[in-house]
Amino acid sequence: MNFTADVQGMGVDGSDPRIEDRVKGGYIDVNSNATITHDQIFGPGDSWTKIAIFVKMNSAPDAKDGVFRQWLNGEQIFNVTTVPWIRSSASESENAKWNLVAIGGNDFFQSYPNSERHEEWYSIDDLVIRNDIPQDLGGDIVDGAMAPPNPPSVQVQ
């Protein structure tokens, strides 16, 4: 996502998301095709940004009931409940479960031409992977389709 035109309608209530502009103040205009800089989303200099993401697999190939939610600094900005994560065109060998987490990479999140490429440094701290939504992000609200998954069972022998 580029935090502009391709996020229209992905806000909490189906409207456009309200994403704080941490450089210019106010909110980013998601109806424009303007280039959004890394600092506008994640903050300039020594600032820290808390990012939380919740994803839920769709119930069957091509079913548009997969979920993508995102929070920045405790404020929910995205709530999409129509994601067809797995398509029927997927190969039989494709695993239809979440089995990989990757952190990092900013190659396509740049506001400058490729001829001016430079290194952008960032730090990641306190990475947590969970099977539910934390209470401080609304995890105590259960609305049927968004109920957190059951915890894994552990068998002791």
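Note that the structure is predicted; figures quoted are calculated from it, not measured.
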Check against side chain to side chain contact (heavy atoms under 4.5 Å, CB included), Val30 and Met10: CA-CA 10 Å; Val30 300; Met10 297 173 101; over 6 Å; no
Gln8-Asp16 side chain donor-acceptor pair, cut-off 3.5 Å: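 No, no side-chain donor-acceptor pair sits under 3.5 Å.
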Atom pair [atom1] ([X]) and [atom2] ([Y]), whose distance is rounded to the nearest 0.5 Å:
X: Asn79; Y: Phe68; atom1: CG; atom2: CZ; value: 10.0 Å
X: Asp21; Y: Ile36; atom1: CG; atom2: CD1; value: 7.0 Å
X: Asp65; Y: Asp62; atom1: CG; atom2: CG; value: 11.0 Å
X: Trp85; Y: Lys56; atom1: CH2; atom2: NZ; value: 13.5 Å
X: Leu72; Y: Glu20; atom1: CG; atom2: CD; value: 9.0 Å
X: Ile53; Y: Leu137; atom1: CD1; atom2: CG; value: 11.5 Å

Heavy-atom pair with the smallest gap, counting every atom of [X] and [Y]:
X: Val7; Y: Pro17; answer: O-CD, 3.2 Å
X: Val12; Y: Gln76; answer: CG2-O, 3.3 Å
X: Gln40; Y: Val23; answer: N-CG2, 3.7 Å

Side chain to side chain donor-acceptor pair (under 3.5 Å) partners of Asp125, counting only residues at least two apart: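 Scan of Asp125 (side chain to side chain donor-acceptor pair (under 3.5 Å), adjacent residues dropped) gives none.
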Any residue meeting side chain to side chain donor-acceptor pair (under 3.5 Å) with Thr82, in chain and number order, not counting sequence neighbours: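 With neighbours one apart ignored, the set is empty.
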Validation row: Ile19, Phe78 side chains within 4.5 angstrom (heavy atoms):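 Yes - at least one pair of side-chain heavy atoms lies under 4.5 Å apart.
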Validation row: Ile41, Thr49 side chains within 4.5 angstrom (heavy atoms):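 Counting from C-beta outward, Ile41 and Thr49 never come under 4.5 Å.
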Exceeds 12 heavy-atom contacts within 6.0 angstrom, atom CG of Asp13: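 Counting neighbours around CG of Asp13, more than 12 heavy atoms of other residues, nucleotides or ligands fall under 6.0 Å, so yes.
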Residue Arg18 excluded, over 12 heavy atoms near CZ under 6.0 Å: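 Open: at most 12 neighbouring heavy atoms sit under 6.0 Å from CZ of Arg18.
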Partner residues of Ser123 under the side chain to side chain contact (heavy atoms under 4.5 Å, CB included) criterion, sequence neighbours left out: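 Applying side chain to side chain contact (heavy atoms under 4.5 Å, CB included) to Ser123 gives Trp48, Trp121.
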hydrophobic_cluster_shared for Val128 and Ile133, side chain cutoff 4.5 Å: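 No, because Ile133 and Val128 fall into different hydrophobic clusters, even though each may have its own neighbours under 4.5 Å.
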Shared hydrophobic cluster for Trp71 and Tyr27 (ILVMFWY, side-chain gaps under 4.5 Å):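 No, it is not one cluster - the side chains of Trp71 and Tyr27 are not joined through contacts under 4.5 Å.
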